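Submitted below is the structure of interest, expressed as structure tokens.
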Amino acid sequence: MLSATWHDLAVVPAELRLDPTLVCGQAFRWKSTGPSEWTCAIFGHVVDLKQTETSVLFRSLGRLSTATKSDDELKSLLCDYFQLHVSLTGLCEKWIEVDPEFKGLAQTQLGVRILRQPVVENTLTFIASSNNNIKRITMLVDKLCKQYGVSIETEKGAFHTFPTIQAIAEDSKIEQTMKELGFGYRAKYYAKTIQSLVQAGDPDVYLESLRSEPAEVARVELMKLSGIGPKVADCILLMSLDKTDAVPVDTHIWQVARKRYVGKSIDPNSVLAADKQERIRELVRQLNAIKSPSTKAYQLAQELIVTLFSPYAGWAQGMLFSDDLVVVPVAGVAKRKLEAE
DNA sequence: AACAGACCTTATAT
DNA sequence: AATATAAGGTCTG
């Protein structure tokens, strides 16, 4: 079989670097298939990506009969997925004006973007993320796809699509199946969430309709689903529902916020309005007073990051989070900086 | 409204 | 080698 030819996504490395973007804990299905090469079954295709010195290339290694044949259409799907209409370098410039210390991140984490992922995939994936680690989340998502997804054969082997809600719903014993796959107590969350999504009509239509709702409304709706609390809801808002100011706060981002801003004074040259500067001082004071993680502590960290980096605070969080991870090349497993220290 | 405790499973630390 | 701790939290009481 003749290999498909590469096409150019036309994006410079400063705007998109695949390696950190695809392993920084927002997407869990891209497989490293070569130096600076990544492969995943998505949009009905097995998409192959390759980072070059000047751009990112893509090609389709195979597809479902229902998927588009057009390279241009696939290209526009990928441009949308990587949200290439957003200028990351432009955002970084703004963030540095507010917080000069962001300059370091703008160098080491440049090219780390927030993806715009299919809502169903993101929702189901992040239910597996609670009280869990990236390595096992990756493994579980892979098992989910192999269990309920569709296999597409390629020259690089078989890749499985992310399953539809309907495909999972056909299983009359979801909880039992997923327990056997290793999901543990989260299996019950899935059984419940799948059930309520099916009852709501077309799950894709419903979940995507949340894109046009205000963030607060969508957040409340998401949290009605079993296994989705405030943190996971914020992940879905940010990574699927276009809420660029949604800032998922976990134990690490809370620590990062404390470490970066407690005890630091606001830069005199900051372009932030006076009332925001005052609010930040107050938030930092309160953040300093709370020594252990709690709902309140997380809310403070969240408001602090939003106040600093709005209207794309979630994107700034993405770089803060990625910075807190260090990739161990040998195992290919993401490990925490703080752990290593 | 706020706050413990429990919780599947796996890997790493002690 | 047995045991504790932590992992992108959520649910329950």
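These figures come from a predicted structure and were not determined experimentally. Residue numbering restarts at 1 for every chain, and letters A, B, ... go by the order of the sequence lines.
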Where DNA chain C forms stems, i.e. three or more consecutive Watson-Crick or G-U pairs with both distances under 3.5 Å: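 Paired runs of 3+ in DNA chain C: B:3-7 with C:9-13, B:9-14 with C:2-7.
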
N/O donor-acceptor pair under 3.5 Å between Arg113(A) side chain and Glu15(A) backbone: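 At least one qualifying donor-acceptor pair exists.
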
Between dT9(B) (P) and Asn131(A) (CG): distance, integer Å: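 Roughly 13 Å, once rounded to whole Å.
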
Pair Phe28(A) and Phe126(A), ring centroids less than 6.0 Å apart: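 Yes; Phe126(A) has its ring centre under 6.0 Å from that of Phe28(A).
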
dG9(C) to dA1(B) separation - P atoms, rounded to the nearest Å: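 About 24 Å, rounded to a whole number of Å.
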
dG8(C) base stacked by Phe321(A) (centroids within less than 5.5 Å, tilt under 30°):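 Check passed, Phe321(A) stacks on base of dG8(C).
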
Interatomic distance where CD1 belongs to Ile134(A) and P belongs to dA6(C) [whole Å]: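 Roughly 18 Å, once rounded to whole Å.
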
Within residues 227-241 of chain A, residues whose heavy atoms come under 4.0 Å of DNA chain C: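 Only Gly227(A), Ile228(A), Gly229(A), Pro230(A), Lys231(A), Val232(A), Met239(A) qualify.
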
Side chain to side chain contact (heavy atoms under 4.5 Å, CB included) involving Ala158(A) - partner list, sequence neighbours excluded: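 Ser151(A), Glu153(A).
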
Residues Phe159(A), Thr154(A); criterion side chain to side chain contact (heavy atoms under 4.5 Å, CB included); working and verdict: CA-CA 8 Å; Phe159(A) 291 82; Thr154(A) 76; 3.8 Å; yes

Closest contact, heavy atoms only, Asn122(A) versus Gln26(A):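 Taking every non-hydrogen atom into account, ND2-O, 4.1 Å.
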
Sugar-phosphate only, base, or nothing, as touched by Leu225(A) at under 4.0 Å among non-hydrogen atoms: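 Touches sugar-phosphate only.
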
Asn133(A) CG to dA7(C) C1', straight-line distance once rounded to whole Å: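 To the nearest whole Å, that distance equals 5 Å.
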
Position toward the 5' end of DNA chain C (nearest nucleotide), Lys192(A) or Ile137(A):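 Per heavy-atom nearest nucleotide, the more 5' residue is Ile137(A).
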
Sugar-phosphate, base or nothing in reach of Ser226(A), heavy atoms under 4.0 Å: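 Sugar-phosphate, no base atom in range.
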
Sugar-phosphate only, base, or nothing, as touched by Glu180(A) at under 4.0 Å among non-hydrogen atoms: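 Answer is nothing: Glu180(A) stays at 4.0 Å or more from every strand.
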
Separation between the P atoms of dA4(C) and dA6(B), rounded to whole Å: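 Pairwise P distance, dA4(C) against dA6(B), rounds to 14 Å.
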
Between P of dT5(C) and CZ of Arg136(A), the distance in whole Å: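 Computing the Arg136(A):CZ to dT5(C):P distance gives 19 Å.
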
Value in whole Å for how far the P atom of dC8(B) lies from CG of Leu181(A):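 My rounded result for the distance is 16 Å.
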
dG9(C) base / Tyr185(A) side chain donor-acceptor hit below 3.5 Å: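 Flag set: donor-acceptor pair detected.
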
Gap separating the CD1 atom of Ile42(A) from the CG atom of Leu77(A), nearest 0.5 angstrom: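 Output value for this atom pair is 9.0 Å.
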
Nucleotide dA7(C), atom C1' - distance to NZ of Lys135(A) in whole Å: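 It works out to 12 Å between those atoms.
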
Ring centre gap for Tyr189(A) and Phe183(A) strictly below 6.0 Å: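 Not under 6.0 Å, so no.
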
Ring geometry between Tyr81(A) and Phe43(A) (parallel below 30°, tilted from 30 to 60°, perpendicular above 60°):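 Phe43(A) and Tyr81(A): perpendicular rings.
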
Sugar-phosphate, base or nothing in reach of Thr251(A), heavy atoms under 4.0 Å: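 Sugar-phosphate contact only - Thr251(A) comes under 4.0 Å of backbone atoms but never of a base.
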
Side-chain N,O (His252(A)) to OP1/OP2 (dA7(C)) below 4.0 Å: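 For dA7(C), OP1/OP2 do have a side-chain N/O of His252(A) under 4.0 Å.
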
C1' gap between dA2(B) and dG8(C), integer Å: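 dA2(B) and dG8(C) have their C1' atoms separated by 23 Å.
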
Rounded distance in Å - CD1 (Ile290(A)) to P (dA2(B)):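 From Ile290(A) CD1 to dA2(B) P: 11 Å.
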
Separation of dG8(C) C1' from Ile253(A) CD1 (nearest whole Å):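 Whole-Å distance recorded here is 9 Å.
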
Separation of the P atoms in dT9(B) and dA1(C), to the nearest angstrom: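 It works out to 25 Å between them.
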
Tyr148(A) and Phe162(A): CA distance, side-chain angles, deciding distance, side chain to side chain contact (heavy atoms under 4.5 Å, CB included) verdict: CA-CA 8 Å; Tyr148(A) 297 114; Phe162(A) 197 90; over 6 Å; no

dT10(C) to dA11(B) separation - P atoms, rounded to the nearest Å: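 It comes out at 24 Å once rounded to the nearest Å.
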
Salt bridge flag under 4.0 Å for residues Glu282(A) and Arg285(A):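 Result for this pair is yes, salt bridge flagged.
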
Note, Gln83(A) side chain near Trp315(A) side chain (heavy atom, < 4.5 Å):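 Gln83(A) vs Trp315(A): side chains touch.
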
Nearest-neighbour nucleotide for the Ser130(A) side chain, dA7(C), dC8(B), dG9(C) considered: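 Closest nucleotide among those given: dG9(C).
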
